[in-house]
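Everything on this sheet refers to the single structure shown next.
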Amino acid sequence: MDKLLLNTQNLGDFPDSVVVPKYDRTNIISGIVHIGVGGFHRAHLAYYLNELNKLGDALGITGIGLREADSNINEVLKAQDHLYTLMVKHPDGKIEPEVIGSIIDFKMGITDPEPVIAQMAHADTKIVSLTITEGGYNFNPTTGEFNFHNPDIQHELRHPEDPITVYGFLCAALKRRRDAGLPAFTIMSCDNIEHNGDMARKMLLAFVEVQNADLATWIAKEVCFPNSMVDRITPVTSQADIDILAQNYGVQDAWPVTCEPFIQWVVEDKFSNGRPAFENVGVQFVPDVGPYEKMKLRLLNAGHSVLGLLGALHGHPTINACIEDELFANYLRAFLDEEATPILGPIIGINLEDYKDSLLERFANPNIKDSVSRICSESSAKLPKFLIATIHENLATGGSIKFATLVIAAWCYYSDKQVDQNGQPLEIIDAMQGKLHDAAKETTTNPLAFIQLELLFGGLSENERFVTCYTTMLKELYKKGDIKKLMQELL
Ligand code: CS2
């Protein structure tokens with residue numbers, strides 16, 4: 001098949017099996033500035049906006065990169081007129097490729113902050129949305145307070161005109177809007193954090209109160225921070241995906257995104273400066289997102305971590321490989337039923353049994369091939385929110401903790417050994433990797449060393465019930481190194 005580079009000019013020449021934007025992209029106005037254009041954003045918010053444009057809107061996104069690593073996506077998107085292909089992969093093998101046209105520009109904040117501030121401060125910008133990951137919010141995971149020790153934050157506090165982090169940029173832009181008499185934009189967090197909007201608000205206000213108290217008062221009054229629950233499994237793009245797109249569909253896209261068919265976004269209807277009619281494309285607006293967020297984080301995300309860490313140790317490469325292993329599927333279901341479900345209250349419009357059934361089906365999708373290394377990456381930012389919080393709640397109520405505790409023991413062993421049970425090196429990506437390894441290494445002389453990382457575990461190392469359960473499992477694991485045996489024993 002002839003291969004064509006993905007760009008505006010070639011859109012008309014792709015085969016019918018590839019959906020392309022039919023709307024006029026030259027008319028699009030950038031109403032949303034998005035920080036953190038990773039695969040998830042391109043499979044989720046940018047997808048929804050593309051759907052709205054198909055219905056007649058003309059709204060675009062300006063992507064922002066605040067990290068050196070973002071220069072890759074910047075270059076790819078520039079070369080492709082900001083177009084990219086979303087490859088929706090069904091469990092039966094069907095792939096639906098669709099070219100998404102809603103991202104219309106990209107700016108790198110590290111090389112030149114001014115155009116980024118100007119774009120955020122532009123009258124057309126109504127929303128600044130974020131997917132900066134759990135770690136990007138700059139809070140202490142145990143206390144939940146803003147981390148003022150971060151050197152970049154210290155720099156921005158002294159030099160408001162030279163922003164580096166999301167907080168510096170948001171404040172510089174909001175100050176400019178206030179001074180120009182423009183309304184504030186909405187700050188819309190799309191990260192996997194419970195009360196993500198409240199968290200963004202708390203962190204921004206902590207920062208700006210020190211940087212510019214006067215501006216803090218204006219932000220507290222004018223800026224809305226809706227909480228939201230976002231969901232779509234988006235694995236890391238592989239070379240095989242790029243090749244399939246080129247060979248089977250003739251589209252040469254340097255960085256397509258693959259995802260599952262399922263998509264969900266539940267959001268609070270609190271916007272400072274208007275919003276697109278997202279309800280027309282399936283977004284659910286509710287007065288309180290809390291119960292939906294908690295359900296998703298403590299079932300889906302925690303479930304991923306359970307499979308990811310146990311699976312990595314055993315040597316399963318992907319989440320679907322874990323689910324194909326009956327022991328892993330049963331273990332996951334037992335964790336969901338016995339430890340996660342009891343801490344969730346009833347959720348309007350949701351049948352939790354159906355929700356859990358659908359999670360297992362989604363995880364089993366054999367075409368997604370979501371790597372356990374993606375799931376285990378940045379566990380230090382994820383686990384306190386996804387799993388450790390559940391252990392704390394079950395300890396308080398007398399609930400079961402054994403399934404989650406084994407995951408913590410496995411995490412210690414994994415951080416110490418850094419190889420799976422077959423001796424294959426594990427790909428560990430974590431901002432705290434060094435600290436985790438050092439603490440885990442001490443386990444042989446001090447079994448509590450790992451859980452004494454208070455930043456992650458709070459007071460768990462002083463809880464008798466947890467310590468007994470954890471140290472028994474850890475001993476077994478270090479003695480035999482057989483994770484499946486331990487899993488089996490708990491069922
Ligand atoms: C995953 C999430 O990062 C993780 O560990 O659980 O990326 C998950 O795939 C998404 O939140 C799905 O919506």
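One-based numbering, in listed order, for ligands and for the atoms of each.
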Legend entry - Test item: K435 and L455 side chains (from C-beta on) under 4.5 Å apart, heavy atoms: no
Inset, instruction - Please collect all side-chain hydrogen bond (donor to acceptor under 3.5 Å, both in side chains) contacts where either partner lies in residues 280-292, sequence neighbours excluded, each pair once. - result: none
Legend entry - Test salt bridge (charged side-chain N to carboxylate O under 4.0 Å, His left out) applied to D70 - qualifying residues, sequence neighbours left out: R67
Inset, instruction - Anything under 30° is parallel, anything over 60° is perpendicular, the rest tilted; go ahead and classify Y167 against F146. - result: perpendicular
Inset, instruction - Output yes when R362 and D231 qualify as a salt bridge under the 4.0 Å nitrogen-oxygen rule, no when they do not. - result: yes
Inset, instruction - Enumerate the residue pairs fulfilling ring pair (Phe, Tyr, Trp, His ring centres under 6.0 Å) with a member in residues 352-377, sequence neighbours excluded, ordered by first and then second residue. - result: H304-F363
Would you tabulate the polar-atom pairs, meaning N/O of ligand 1 against N/O of the protein, with distances under 3.5 Å, reported to 0.1 Å?
from: ligand 1; atom 1: 3 (O); to: K382; atom 2: NZ; distance (Å): 2.9
from: ligand 1; atom 1: 5 (O); to: K382; atom 2: NZ; distance (Å): 3.0
from: ligand 1; atom 1: 6 (O); to: N301; atom 2: ND2; distance (Å): 2.9
from: ligand 1; atom 1: 6 (O); to: H304; atom 2: ND1; distance (Å): 2.8
from: ligand 1; atom 1: 7 (O); to: R374; atom 2: NH1; distance (Å): 2.9
from: ligand 1; atom 1: 9 (O); to: R374; atom 2: NH2; distance (Å): 2.9
from: ligand 1; atom 1: 11 (O); to: N192; atom 2: ND2; distance (Å): 2.9
from: ligand 1; atom 1: 11 (O); to: K296; atom 2: NZ; distance (Å): 2.7
from: ligand 1; atom 1: 11 (O); to: N301; atom 2: ND2; distance (Å): 3.0
from: ligand 1; atom 1: 13 (O); to: D231; atom 2: OD1; distance (Å): 2.6
from: ligand 1; atom 1: 13 (O); to: R232; atom 2: N; distance (Å): 2.9
from: ligand 1; atom 1: 13 (O); to: K296; atom 2: NZ; distance (Å): 3.1

